[in-house]
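Computed from heavy atoms alone, side chains included, the values below leave out hydrogens, waters and symmetry copies. Residue numbers begin at 1 in each chain, while the letters A, B, ... track the order of the sequences.
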Number of protein chains: 2
Amino acid sequence: MERQRFILDESRLPKEWYNIQADLPGPLPPVLHPVTLEPVKPEDLAPLFPMEVIRQEVSTERYIAIPPEVREIYRLWRPTPLVRAVRLEKALGTPAHIYYKNEGVSPAGSHKPNTAVAQAFYNKTQGVKRLSTETGAGQWGSSLALACNMFGLECQVYMVKVSYQQKPYRRSLMHLWGASVTASPSSETEAGRRILAQDPDSNGSLGIAISEAVEVAMKDDETKYSLGSVLNHVLMHQTVVGQEAMSQMEMAGEEPDVVIGCVGGGSNLGGIAFPFLRRVLKEGARTRFVAVEPRACPSLTKGIYAYDYGDTARMAPVTKMYTLGHSFVPSGIHAGGLRYHGMAPLVSALAKAGYIEAVAYHQNPVFEAAVLFARTEGVVPAPETAHAIKAAVDEALRCKESGERRVILLNFSGHGHFDLAAYDAYLAGKLTDTEYSQDQLSASLAELPRVQ
Amino acid sequence: MERQRFILDESRLPKEWYNIQADLPGPLPPVLHPVTLEPVKPEDLAPLFPMEVIRQEVSTERYIAIPPEVREIYRLWRPTPLVRAVRLEKALGTPAHIYYKNEGVSPAGSHKPNTAVAQAFYNKTQGVKRLSTETGAGQWGSSLALACNMFGLECQVYMVKVSYQQKPYRRSLMHLWGASVTASPSSETEAGRRILAQDPDSNGSLGIAISEAVEVAMKDDETKYSLGSVLNHVLMHQTVVGQEAMSQMEMAGEEPDVVIGCVGGGSNLGGIAFPFLRRVLKEGARTRFVAVEPRACPSLTKGIYAYDYGDTARMAPVTKMYTLGHSFVPSGIHAGGLRYHGMAPLVSALAKAGYIEAVAYHQNPVFEAAVLFARTEGVVPAPETAHAIKAAVDEALRCKESGERRVILLNFSGHGHFDLAAYDAYLAGKLTDTEYSQDQLSASLAELPRVQ
């Protein structure tokens, strides 16, 4: 039988994270303070993050060592498998080879623990008692709950209300790992109360939930904040995915022509793409990189590249990124992890420079691809992940037309075990494909800070 | 770092199943026809099973080749990891080494696809159109749905009503893989209607659901029946687990002193234990084997070794086994997969002969062990699996007292992603530990067929 699963021994677990800031064509635009709109200083960020995380956020060292305590937790599930989706290829009748890196095997079911464990560790070593955070579909919240549990930290999660209601099991998972979970917007914070005053039925959004979590950290010396995507250090922690995938593609004797990831904040795409992107930046390789987003929240395909706040209440730092505006509230699609108004500055800069392409899909065709994947490969994808699968399927179908035998690598960022209600809705024909309103977009873009 | 994950390359996927019938101290007592109570002939079983499955059921060949088509599906997730639970050991402060074989990584989340895929394949090659089956917690039903989907068979699942209500996501999973699912007892079958007439609020049981599924297969030439545990061929298909574990324990340089599995019908214990048990039977090894059952359904610890029907409506073959009586209906514990009145004839005979020990636990201490496991190792166990974990924890604590450094191997038969409501109930202090009533047991034992 031809080999189709590429498994690394635990001795091959990466020892360093790859920091793409060392290899960018130019430096990232500076991060601004949300009040002064002047470049932030490390001490401005100190109430939110431990010093080592702040150092990593701005570092231009190419490789940063992964602490042994972090690797000790990583190897509860890492290295993760790389699998060639042979049955999917056959079902599509494509000459393309499709590989998926299965990050769904982590205890929380996604790639998110890769950074959660690192962040919890650095907070623990700095004596922090509690982490606050937001979560969309619960992938991030459950991952930080897991990580805090492993290092004996308390964990307070603000969960976007629509997901809190749709995904009760991810909430249970957070409780099981000892976290406290609050539906956002909540009346626990000023930011939440302001939103509720305007719209008592608010579905919530990642932007709002971030405001709540940031506010709690700002007001309590023993609490710091942890973000599951967007920031440079988060994307760097995720590069264990791409580094492993690179070794595994070598085992398979192939080189990816296209690397695909879904994007909410951008971390799973960054994680799998950056080690391969280094070869493009430094060695002239010609790999393509595709970011896949929902049509309901299309920051790369319909947003603008501009300075914007990271959160709705304008408490988080201001970065230059593709954004729909910090007050943009996407419809309640099932891919809750992709409902973020902005995009990681690193992904944004690389997209702006032409290194990363973007494509957007409605959720019905995305679920169609997810069902095909589940019925051919067995594994059930998260709705977020299904966006990457849809793009891979389309790429493979183009290969079928052209007869090209391209090698496609996608980040299977998480399983869909806690999203089965969404599959029920899809199979019952009850999923709607909502377009955002142009008026809403214009209104939210009008609220960008004036520092362009 | 000391190694803790033992991963086999896909080239090490077993090529044969191990059939312990070749090595038993004596032959199994004959299987009887449910109506005549005379030994069954292969043709009696032909309406239910394809001929190759019937042949395997009675075979005494030591090794039976796994068809390439079955291995092709197995390797979507096999070989599965063997992991040393180092963090659990530390939390317990035990000198024991605890290893778990993680069968939760299959697409359906348990060991069950190991036999589902084989059975679906043999039915497909014999031209069968549809498989009917029962399921408790849904582990088996979702596995057969997956397998039928892979080979293009229809699948009809009768799901025990209490689980149908408690585990909606396993139902969704079956739908996703194209199966039809009916709550049992149902009004679709005579067996179901009889039960509903006596008790319209019946919680259902595996025995009742089996009757429904068997009835459907008996009445339709294009439908055959598939059983997820109990029978000899099922336990044999599960020996891929033990064979892999044996290679992995060699990688770890250790030999298990104790092998532990939870038991409903007995297949996950048989699967991990039999390859090791062969060494006891043939080579004088002194490994212990522990079957762990719920106090609510304690067939090995409180049942008797006698001939009994496999199902409530007396349509399934009569086998000699440990049984609580075919009319025994256990309380609605969350470990739905362990709610079966009988025990695999192979496990029963080996328990009777002293090769397998048994222990029974209430669900609260079982969930306590499950939470400890989830908080140390990360992975969330199914309530069934948690029974094996509880026994492993107790064994490790005895080692702590005695100072012995025993090697414990447990079958982590499945993850608990679809059982989080049970964790919620446990953490909220709402789980009850129900003892069966002695009157109920006496009444059901009085209904055994008179062929002792």
Peer 1: Yes or no on side-chain contact (heavy atoms from CB on, under 4.5 Å) for B/Val105 and A/Val105, after CA distance, side-chain angles and deciding distance?
Peer 2: CA-CA 7 Å; B/Val105 300; A/Val105 302; 5.5 Å; no
Peer 1: Pick one of side chain, backbone, both or neither for B/Arg84, based on which atoms fall under 4.5 Å of a heavy atom in chain A.
Peer 2: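 Neither part; nothing is under 4.5 Å.
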Peer 1: Using modelled atom types and a 3.5 Å cut-off, is there a donor and acceptor pairing between side-chain atoms of B/Arg5 and backbone atoms of A/Trp77?
Peer 2: yes
Peer 1: Could you pull out the closest heavy-atom pair between B/Gly378 and A/Leu146, with the gap in Å?
Peer 2: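 Scanning both residues, the minimum pair turns out to be CA-CD1, 3.9 Å.
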Peer 1: Evaluate the ring planes of B/His417 and A/Phe418, with Trp represented by its six-membered ring, and classify them as parallel (under 30°), tilted (30 to 60°) or perpendicular (over 60°).
Peer 2: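 Tilted.
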Peer 1: Check this for me: does any side-chain nitrogen of one of B/Arg3 and A/Asp9 sit under 4.0 Å from a carboxylate oxygen of the other?
Peer 2: yes
Peer 1: Taking side chain as everything from C-beta outward and backbone as N, CA, C, O, which of these in B/Tyr169 sits under 4.5 Å from a heavy atom of chain A? Side chain, backbone, both or neither.
Peer 2: both
Peer 1: Find the distance between OH (B/Tyr426) and CG (A/Leu176) and round it off to the nearest 0.5 Å.
Peer 2: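 Going from the OH atom of B/Tyr426 to the CG atom of A/Leu176 covers 10.5 Å.
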Peer 1: Donor-acceptor pair, A/Gln4 side chain versus B/Leu76 backbone, under 3.5 Å?
Peer 2: no
Peer 1: Could you tell me whether a side-chain N or O of A/Trp177 sits under 3.5 Å from a main-chain N or O of B/Ala374, the two making a donor and an acceptor?
Peer 2: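 Yes: the side chain of A/Trp177 pairs with the backbone of B/Ala374.
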Peer 1: Heavy-atom distances under 4.5 Å only: say whether B/Thr376 touches chain A with side chain, backbone, both or neither.
Peer 2: backbone
Peer 1: What residue among B/Asp419, B/Asp424, B/Val380, B/Leu427 forms side chain to side chain contact (heavy atoms under 4.5 Å, CB included) with A/Ser172?
Peer 2: B/Asp424
Peer 1: Could you tell me which portion of B/Glu377 (side chain, backbone, both or neither) has an atom closer than 4.5 angstrom to a non-hydrogen atom of chain A?
Peer 2: both
Peer 1: Of the backbone (N, CA, C, O) and the side chain (C-beta and beyond), which part of B/Ala421 lies under 4.5 Å from a heavy atom of chain A, both, or neither?
Peer 2: both
Peer 1: Could you give me the CA-CA distance, side-chain angles and deciding distance for A/Arg87 and B/Met150, then say whether side-chain contact (heavy atoms from CB on, under 4.5 Å) is met?
Peer 2: CA-CA 10 Å; A/Arg87 293 175 53 89; B/Met150 291 296 181; 3.0 Å; yes
Peer 1: For chain A, which candidate among B/His415, B/Arg375, B/His175, B/Arg171 shows the most heavy-atom pairs at distances under 4.5 Å?
Peer 2: B/Arg375
